[in-house]
Amino acid sequence: MIKEIFEAIKEFTVRFVSSRLFALGLIFSILFIVLGFRLFDLQIVNGEKYLADYQNRTLAEITSNGTRGNIYDRDGKLLAYNELQYNITITDNGAYDTSADGINSRNRMLMRLAQIIEKHGYDIDGQYKIKLDDSGEFYFTTSSEDDRKRLISNIRGRNIEDLSEKDFNVTARQAFEVSKSRYRFDNMWDEKKNPIVLSDKLALDMINIFYTMRLTAYQRYQTTTIVKNVSEECTAEILEAKGELKGVDIDNVSVRKYNYAPYMSHIVGYTGQVQAEQLEELKKTDDSYELNDIVGVWGIEKSMESELKGKKGYRQMYLNSVGSILEVVSETDAAAGNDVYTTISANDQIAIYHLLEQELAGLLASKITEQDLNDDNAEIEQSEITIPVKDAYYQLINNNILDSAHFSSAEEGTAERRIAEAFEANKKTKLAAIQEELLHPTTSGLKELPQDMQAYIVYIYDYLGKKENGIIDTTDQKYRESEAYAAWKDDTITLKDFILSGIDEAWLDTSKLELSDEYYDSDNIYTLFVQMLIDQLNNNPDFDKVLYKYAIANQIIPGYVLLMALFEQGVLEEDPEAYAQLSAGDEHYAYTFLISKIRKIEITPAQLALDPCNGSVVVTDVDTGKVRALVTYPSFDNNRITDPAYLKKCNNDLSLPLLNGATQTQLAPGSTFKPLTSVAALEEGVLTLNTVIDCTGVYEEVTPNIRCWIYPQSHGRENVVDGIKNSCNFFFAAVGHLLSTDETGNYNQAIGLERIHKYASLFGLDSLSGVEIDEAMPRISDYDPERSAMGQGNHAYNVVQLSKYITAVANKGTVFDLSVIDKVTTSDGSIVKNIEPVVVRELNFSDLTWNAVHKGLREMITEGVAKRVFLGQDIPIAGKTGTAQEREDRGNHAVFVSFAPYGDPEITVTVNIPYGYSSGNAANLANTVYNYCYGKDSLDAILSRDASGVSALNVVD
């Protein structure tokens, strides 16, 4: 029985083992055992490790920018391109936790990084807009009050709307201290737990780095560039220290470089890191923009941003806790931007820029005189105004040609040391005199004081009202309605009584005196207040310049010593013989030396920033509206514009090099508007070609009367051609009056202004010119039709807008949108698009109208007011001068519009010289431009010349 049972079990076992079910069961059992062991390892043995690895596995997306497209001139010359450089970058990769030790480790890393950067002499390229000056004082570098408020709200980690005015009323030092505390840079320790004390410079650099990183804190692993274009030595040190500088790296990037600076800078423009307010606007058309992107900020770089920028590349990947790549999920390559070709030739820009500088230098040299101004100077014509040489000497200090901060550090016996000693002695004397005048006034009104003391007192008054000083709120109604304010405007109160009234009436803030609880009466407070003012003036570089002005005017600091300092500071090349002659103290030699340097353009009009120091020239193609040259003097180096020190220098330059005069300087057109008025009158039927107006010298139909420039003489009987030729003010005042007269003979100013506005608009003077760079809006005059018809009133146009107008006159009615862009291509040269001429409108006016206006413009050159300027010129030019007065104490603005050749116009030349004294000077410059454009002059010849052959030319119109 047992044997049978055993045999049955044996048979079953054999059958089971040999069956497929057993094989499957065995396999599943083995798999189950393996799975069990694996689960045991994952959950029990290495559970914590795998959990940590899983939690630190982060999905990140890294972007890369496409290479920016190039910009070329009309001839294919490279204007803007990309160059490889090394940048220091930092990334928040989560290497530091938020514990006290983690934050301290992070801060020590930032300190080490800042020390390396400081060692190699680089500045942080950050968004923290607070800096240290040479004296160790903090100052804001914000561009506006709104920008400052944004900075302070970011520093405090709050929204702007959540902060009060008191929160914003902080100094740069106070804002710095808030940041330093918030980031715990004031509570750091080393490995031995010893406290670390940071210098202001080091702490500021660390704040700048961390603040800039935090602007993209919502994007971990996003790279932030903190220093650009570092040396190989700095690169090596960063890479060597990379183990302790977690998140810091060296990035090889393409940076923007520019050829032909300064000649093309205003046109090409420059790039920069996108600002918060600009980012919002860019995202409306392209949401790929991020806060750290480099974008076009000015010029073609800005207007053609969408073409030039290229497309970003994206890389999506998994990273572990230290930023190592675990897995690349997806990747899209970046694409290069398109190339842009301009309509402008770099050679033309260079030639015309130097012609413009030579004209300004020659004009300036002819206006500087050894004589001081006298009371009779106010009575002379604006074209005859002269400049005392002492004003030119002062500009060496005022426009920072000489570094006054360096004077006191110069060697004993040098001109610089002599200037410093004379200045300090004079400053001590003047501050004592100012203090005495404030405490014990010697007069009852400002105008009774000596001229220099008037200037000092006015400076103090202005100082009190500056917002950043916070002493008087000039918008305070209590202040505006006070008797003291009214008396000051009427010059019937001393500054002492003015300030005492402010103290008594509480519209003058004395909190900066930090008075104790002890009682002070008004007189005691005033005495303390005066002492505070004297202390402030004693350490105020701006006030120092006022002191320099009168020290130079009174020859306490002689002009020849200032000229000697130009050699010592390297502004002029060494010339031992000239230096020795200057040291002899001959003021006449000093004057002739200065004039010689101006004519040789070794001291430029831009450096002196006297009238005139800037100007613009625009040359257009009559048949297309394409701009062939768009020149503004002075200009700047767009390769250096991202350097804060250079930018500050440009912003402080009184010649305004950053201002594109051709597109942004708006002035009255003067008599250049008269051809437009002629068209309006002929087309409206208020004049015919046979209408004759008798110029008697004074137009008496309006009050005040309008004198013709020829008064006390007269032009006599004139038709419209004569009116343009003679630029007769009487004639065009009468035309303005006729335009204001209705069909029944009733005079109505509104009708005249409406007609003037109509034709100015038809010629495009109510809108932007069309050029693809930033431009100010024009303004058509809206009062006084008689003066508006003459080009006065409150007309305001820039050079490109006048160029648009005269181009339409030249081609007899085709109004183009001007353009500086010729075509757009891919990086391999394939055409993306050609920029075709844009016709705004066709002015279908009578041929008789156009011919009359053209004839008047030609005769103005051959027979009229500009005849003397164009003597001997065989290029048939037609044009119109314009002189516009803005201030009685400065020269008139000089304007000239023109085209050539007269019979078959090809190009227009439009010139504007602000405070250029007479339109003859603008016309003379245009004449030299035509010589170049038509091959009578060459670039090499122009570059070899100076301003010796240029002098002031007076044209009365």
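Below, all heavy atoms of this structure are taken into account, side chains as well, without hydrogens, waters or symmetry copies.
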Under a 3.5 Å threshold, yes or no: a donor from one side chain and an acceptor from the other, between [X] and [Y]?
X: Asp957; Y: Ser727; answer: no
X: Tyr341; Y: Asp339; answer: no
X: Glu775; Y: Gln801; answer: yes
X: Asn87; Y: Thr225; answer: no
X: Asn798; Y: Thr665; answer: no
X: Glu357; Y: Tyr633; answer: yes
X: Tyr258; Y: Glu301; answer: yes
X: Glu836; Y: Asn834; answer: no
X: Ser898; Y: Lys880; answer: no
X: Asn924; Y: Glu359; answer: yes
X: Ser938; Y: Asp940; answer: no
X: Asp653; Y: Asn399; answer: yes
X: Thr883; Y: Asn892; answer: no
X: Ser345; Y: Asn347; answer: no

With sequence neighbours left out, write down each residue that passes side chain to side chain contact (heavy atoms under 4.5 Å, CB included) with Gln873, or none if nothing qualifies.
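With neighbours one apart ignored, the set is Phe870, Ile875, Ile877, Asn927, Asn931, Lys936.
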Who pairs with Val618 by side chain to side chain contact (heavy atoms under 4.5 Å, CB included), at least two apart in sequence or on another chain?
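Partners of Val618 under the side chain to side chain contact (heavy atoms under 4.5 Å, CB included) test: Thr620, Val627, Leu630, Ala662, Val799, Val800, Ser803.
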Can you measure from [atom1] ([X]) to [atom2] ([Y]) and round to the nearest 0.5 angstrom?
X: Thr663; Y: Glu772; atom1: OG1; atom2: CD; result: 12.0 Å
X: Glu859; Y: Thr862; atom1: CD; atom2: OG1; result: 5.5 Å
X: Thr624; Y: Ile835; atom1: OG1; atom2: CD1; result: 12.5 Å
X: Phe896; Y: Ser919; atom1: CZ; atom2: OG; result: 8.5 Å
X: Arg868; Y: Asn954; atom1: CZ; atom2: CG; result: 7.0 Å
X: Ile598; Y: Asp946; atom1: CD1; atom2: CG; result: 12.5 Å

Taking Arg68 first and then Glu305, would you say they form a salt bridge - that is, a charged N and a carboxylate O separated by under 4.0 Å?
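The answer is yes: the pair qualifies as a salt bridge.
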Presence of salt bridge, Asp348 and Arg74, under 4.0 angstrom
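Looking at Asp348 together with Arg74, the answer is yes, because their closest N to O distance falls below 4.0 Å.
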Applying side chain to side chain contact (heavy atoms under 4.5 Å, CB included) to Leu356 and Tyr353, what does each step give before you reach the verdict?
CA-CA 5 Å; Leu356 176 50; Tyr353 187 91; 5.8 Å; no
More than 12 heavy atoms from other groups under 6.0 Å of [atom1] on [X]:
X: Lys302; atom1: NZ; result: no
X: Lys649; atom1: NZ; result: no
X: Tyr72; atom1: OH; result: yes
X: Glu842; atom1: CD; result: yes
X: Glu573; atom1: CD; result: no

Lys309 vs Asp293, test: salt bridge (charged side-chain N to carboxylate O under 4.0 Å, His left out). Steps then yes/no.
CA-CA 10 Å; Lys309 78 180 188 71; Asp293 284 353; over 6 Å; no
For [Y], is there any backbone N or O sitting under 3.5 Å from a side-chain donor or acceptor partner on [X]?
X: Glu886; Y: Ala884; answer: no
X: Lys626; Y: Ile821; answer: yes
X: Asn921; Y: Leu953; answer: yes
X: Arg841; Y: Gly813; answer: no
X: Ser383; Y: Ser918; answer: no
X: Asp828; Y: Ser830; answer: yes
X: Asp73; Y: Ala346; answer: yes
X: Ser671; Y: Lys674; answer: no

What pairs meet the salt bridge (charged side-chain N to carboxylate O under 4.0 Å, His left out) rule with one or both residues in residues 800-811, with sequence neighbours excluded?
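For residues 800-811, and leaving out neighbouring residues, the salt bridge (charged side-chain N to carboxylate O under 4.0 Å, His left out) pairs sorted by first residue read Lys804-Asp817.
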Min side-chain heavy-atom separation Val865-Val956 under 4.5 Å:
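They are not in contact (no side-chain heavy atoms under 4.5 Å apart), so the answer is no.
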Between Leu802 and Val895, is the side chain to side chain contact (heavy atoms under 4.5 Å, CB included) condition met? List the steps.
CA-CA 10 Å; Leu802 291 179; Val895 188; 3.8 Å; yes
Whether Lys257 engages the ring of Tyr81 as a cation-pi pair (distance to the six-membered ring centre under 6.0 angstrom, angle to the ring normal within 45°) should be assessed.
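Because its charged atom misses either the 6.0 Å distance or the 45° angle limit, Lys257 does not stack over Tyr81.
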By side-chain hydrogen bond (donor to acceptor under 3.5 Å, both in side chains), which residues pair with Ser616, not counting sequence neighbours?
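Once residues adjacent in sequence are excluded, Ser616 has no partner under the side-chain hydrogen bond (donor to acceptor under 3.5 Å, both in side chains) criterion.
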Would Asp621 and Ile907 count as a side chain to side chain contact (heavy atoms under 4.5 Å, CB included) if you check the C-alpha gap in whole Å, the side-chain angles of each, and the deciding distance to 0.1 Å?
CA-CA 5 Å; Asp621 187 308; Ile907 63 171; 5.6 Å; no
To check you understand the geometry: which heavy-atom pair defines the closest contact between Ala941 and Asp937, and what is its length?
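Heavy atoms only, the tightest pair is CB-OD1, 3.5 Å.
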Val853/Val809 under side chain to side chain contact (heavy atoms under 4.5 Å, CB included): CA gap, chis, key distance, verdict
CA-CA 8 Å; Val853 170; Val809 171; 4.2 Å; yes
Among residues at least two apart in sequence or on other chains, which ones pass ring-ring contact (aromatic ring centres under 6.0 Å, His included) with His795?
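For His795 the ring-ring contact (aromatic ring centres under 6.0 Å, His included) partners, ignoring immediate neighbours, are Phe673, Tyr797.
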Of Asn638, Thr642, Asn639, which meets side chain to side chain contact (heavy atoms under 4.5 Å, CB included) against Tyr270?
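Of Asn638, Thr642, Asn639, side chain to side chain contact (heavy atoms under 4.5 Å, CB included) with Tyr270 is met by Asn638 alone.
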Name the orientation class of the two ring planes belonging to Tyr902 and His854 (parallel below 30°, tilted from 30 to 60°, perpendicular beyond 60°).
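The arrangement is tilted - the two ring planes meet at 30° to 60°.
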Test: ring pair (Phe, Tyr, Trp, His ring centres under 6.0 Å). Region: residues 904-938. Which pairs qualify, not counting sequence neighbours?
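Only His893-Tyr915 qualify under ring pair (Phe, Tyr, Trp, His ring centres under 6.0 Å).
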Evaluate the salt bridge (charged side-chain N to carboxylate O under 4.0 Å, His left out) criterion for residues Lys228 and Asp123: first the C-alpha distance (whole Å), next the side-chain angles of each, then the deciding distance (0.1 Å), finally the verdict.
CA-CA 9 Å; Lys228 297 176 181 177; Asp123 293 322; over 6 Å; no
